[in-house]
Amino acid sequence: MKNRVYLALGSNIGDRFHYLQRAVEKLNEKKEIEVTQLSSIYETEPVGVTEQAAFLNMAVEMYTSLKPESLLKTTQWIEQELNRVKIKRWGPRTIDLDILFFNDENIRMDDLSIPHPRLEERAFVLIPLNEIASSIVEPTNHKNIYELAENLSIKEKEG
Ligand SMILES: Nc1nc2nc(S)n(CCO)c2c(=O)[nH]1
């Protein structure tokens with residue numbers, strides 16, 4: 001398992017805590033994946049499309065032998081398995097798995113951009129990520145997660 005990956009997980013429909021838990025379980029069930037760290041779970045106000053329910057968000061550290069495109073297929077498969085109904089691009093969802101980092105690689109493909117392009121503007125990603133990866137340096141702007149997260153705040157839900 002030589003690739004270190006960070007994911008952002010989110011849910012704002014149904015039993016949100018259950019969906020986060022099941023998504024982590026499904027990642028760990030894959031023989032090519034080993035989940036190594038979980039952040040706390042945060043309850044966060046929706047950004048983007050604001051007239052939707054509050055999200056539960058968390059960050060996950062994992063190691064994998066998968067290549068980026070195969071990891072994307074795996075996260076999409078887990079979203080389908082947990083019956084994510086993609087009503088609209090920015091709408092509510094049972095579960096969302098976003099790939100934040102894949103080692104310190106810069107990947108720009110038509111269906112996959114890593115580091116995640118909206119990472120720096122998302123407190124709901126940076127705050128959980130800072131719990132488990134504060135010293136990681138964002139390879140495009142060379143700032144570490146601690147610096148990106150330090151002036152941000154979000155509500156934390158006892159998970
Ligand atoms: N707080 C919060 N707002 C969001 N808006 C979108 S879209 N999403 C889905 C992330 O891709 C979220 C989210 O996970 N959390």
Side-chain angles (χ1 to χ4, degrees), residues 3-13 16-28 30 33-50 52-64 66 68-69 71-82 84 86 89-109 111-141 143-150 152-157 159:
N3 301 308
R4 186 186 61 188
V5 171
Y6 291 95
L7 300 177
L9 274 56
S11 173
N12 76 332
I13 296 182
R16 301 171 300 170
F17 183 78
H18 162 82
Y19 283 120
L20 292 177
Q21 223 170 12
R22 287 295 293 130
V24 172
E25 284 165 9
K26 285 187 176 289
L27 286 167
N28 253 331
K30 300 288 288 182
I33 292 177
E34 186 192 352
V35 173
T36 47
Q37 282 197 84
L38 301 179
S39 74
S40 316
I41 293 176
Y42 292 78
E43 183 155 46
T44 63
E45 293 307 313
V47 299
V49 176
T50 47
Q52 60 178 318
F55 280 80
L56 291 189
N57 284 114
M58 67 184 294
V60 172
E61 178 190 78
M62 49 171 264
Y63 283 80
T64 183
L66 295 174
E69 308 87 294
L71 177 59
L72 177 64
K73 293 220 178 337
T74 300
T75 58
Q76 289 170 338
W77 172 78
I78 291 172
E79 288 173 346
Q80 298 315 318
E81 284 283 291
L82 294 177
R84 166 172 171 175
K86 193 159 185 172
R89 182 169 160 78
W90 304 106
R93 64 283 311 278
T94 51
I95 190 68
D96 196 63
L97 292 90
D98 288 332
I99 303 170
L100 303 175
F101 292 113
F102 192 98
N103 298 319
D104 56 4
E105 295 174 32
N106 242 318
I107 300 165
R108 301 284 168 231
M109 295 160 66
D111 62 346
L112 184 59
S113 279
I114 303 175
H116 193 283
R118 287 177 294 284
L119 176 89
E120 289 183 45
E121 64 206 42
R122 291 181 156 183
F124 68 80
V125 170
L126 290 168
I127 305 279
L129 186 62
N130 190 35
E131 264 190 57
I132 59 173
S134 58
S135 55
I136 297 296
V137 175
E138 212 279 347
T140 43
N141 68 19
K143 282 196 188 135
N144 67 35
I145 298 305
Y146 174 79
E147 290 164 328
L148 292 172
E150 65 184 335
L152 302 175
S153 64
I154 47 175
K155 272 191 305 185
E156 179 167 353
K157 179 179 179 76

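Heavy atoms only: backbone and side chains are in, while hydrogens, waters and symmetry mates are out.
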Can you find a heavy atom in the side chain of [X] that is under 4.5 Å from one in the side chain of [Y]?
{"X": "L119", "Y": "L126", "answer": "yes"}
{"X": "H116", "Y": "V125", "answer": "no"}
{"X": "Y42", "Y": "L56", "answer": "no"}
{"X": "S40", "Y": "P128", "answer": "no"}
{"X": "S39", "Y": "V60", "answer": "no"}
{"X": "L100", "Y": "E61", "answer": "no"}
{"X": "F55", "Y": "P46", "answer": "yes"}
{"X": "L129", "Y": "F101", "answer": "yes"}

Within this structure, what is the [atom1]-[atom2] distance for the pair [X] and [Y], rounded to the nearest 0.5 Å?
{"X": "I107", "Y": "S113", "atom1": "CD1", "atom2": "OG", "result": "9.0 Å"}
{"X": "I33", "Y": "L71", "atom1": "CD1", "atom2": "CG", "result": "6.0 Å"}
{"X": "L7", "Y": "T74", "atom1": "CG", "atom2": "OG1", "result": "10.0 Å"}
{"X": "F124", "Y": "L9", "atom1": "CZ", "atom2": "CG", "result": "11.5 Å"}
{"X": "R16", "Y": "Q21", "atom1": "CZ", "atom2": "CD", "result": "13.5 Å"}
{"X": "Y146", "Y": "S134", "atom1": "OH", "atom2": "OG", "result": "9.0 Å"}

Q: Determine the minimum heavy-atom distance between T94 and L82, stating which atoms define it.
A: OG1-O, 2.9 Å
Taking only residues two or more places apart in sequence or in another chain, which ones pass side-chain contact (heavy atoms from CB on, under 4.5 Å) with [X]?
{"X": "D96", "answer": "E79, R84, R93, D98"}
{"X": "N141", "answer": "E120, E138, K143, L148"}
{"X": "D111", "answer": "L72, M109"}

For [X], give me all partners under salt bridge (Lys or Arg N to Asp or Glu O under 4.0 Å), at least two apart in sequence or on another chain.
{"X": "E147", "answer": "none"}
{"X": "E25", "answer": "R22"}
{"X": "K26", "answer": "E81"}

Q. Would you say the side-chain atoms of Y63 and E34 include a donor-acceptor pair closer than 3.5 Å?
A. no
Q.
Under a 3.5 Å distance rule, please check whether R4 uses its side chain to pair with a backbone N or O of T64 as donor and acceptor.
A. no
(Q) If we ignore hydrogens and angles and just use 3.5 Å, is the side chain of N130 paired with the main-chain N or O of E150 as donor and acceptor? (A) no
Q | Full working for side-chain contact (heavy atoms from CB on, under 4.5 Å) between N144 and I136 | A | CA-CA 5 Å; N144 67 35; I136 297 296; over 6 Å; no
Q: Give the intermediate values and the outcome of side-chain hydrogen bond (donor to acceptor under 3.5 Å, both in side chains) for residues N57 and T44.
A: CA-CA 7 Å; N57 284 114; T44 63; 2.7 Å; yes
Q: Apply the test side-chain contact (heavy atoms from CB on, under 4.5 Å) to residues I95 and L20: give CA-CA distance (whole Å), side-chain angles for both, the deciding distance (0.1 Å), then the verdict.
A: CA-CA 7 Å; I95 190 68; L20 292 177; 3.8 Å; yes
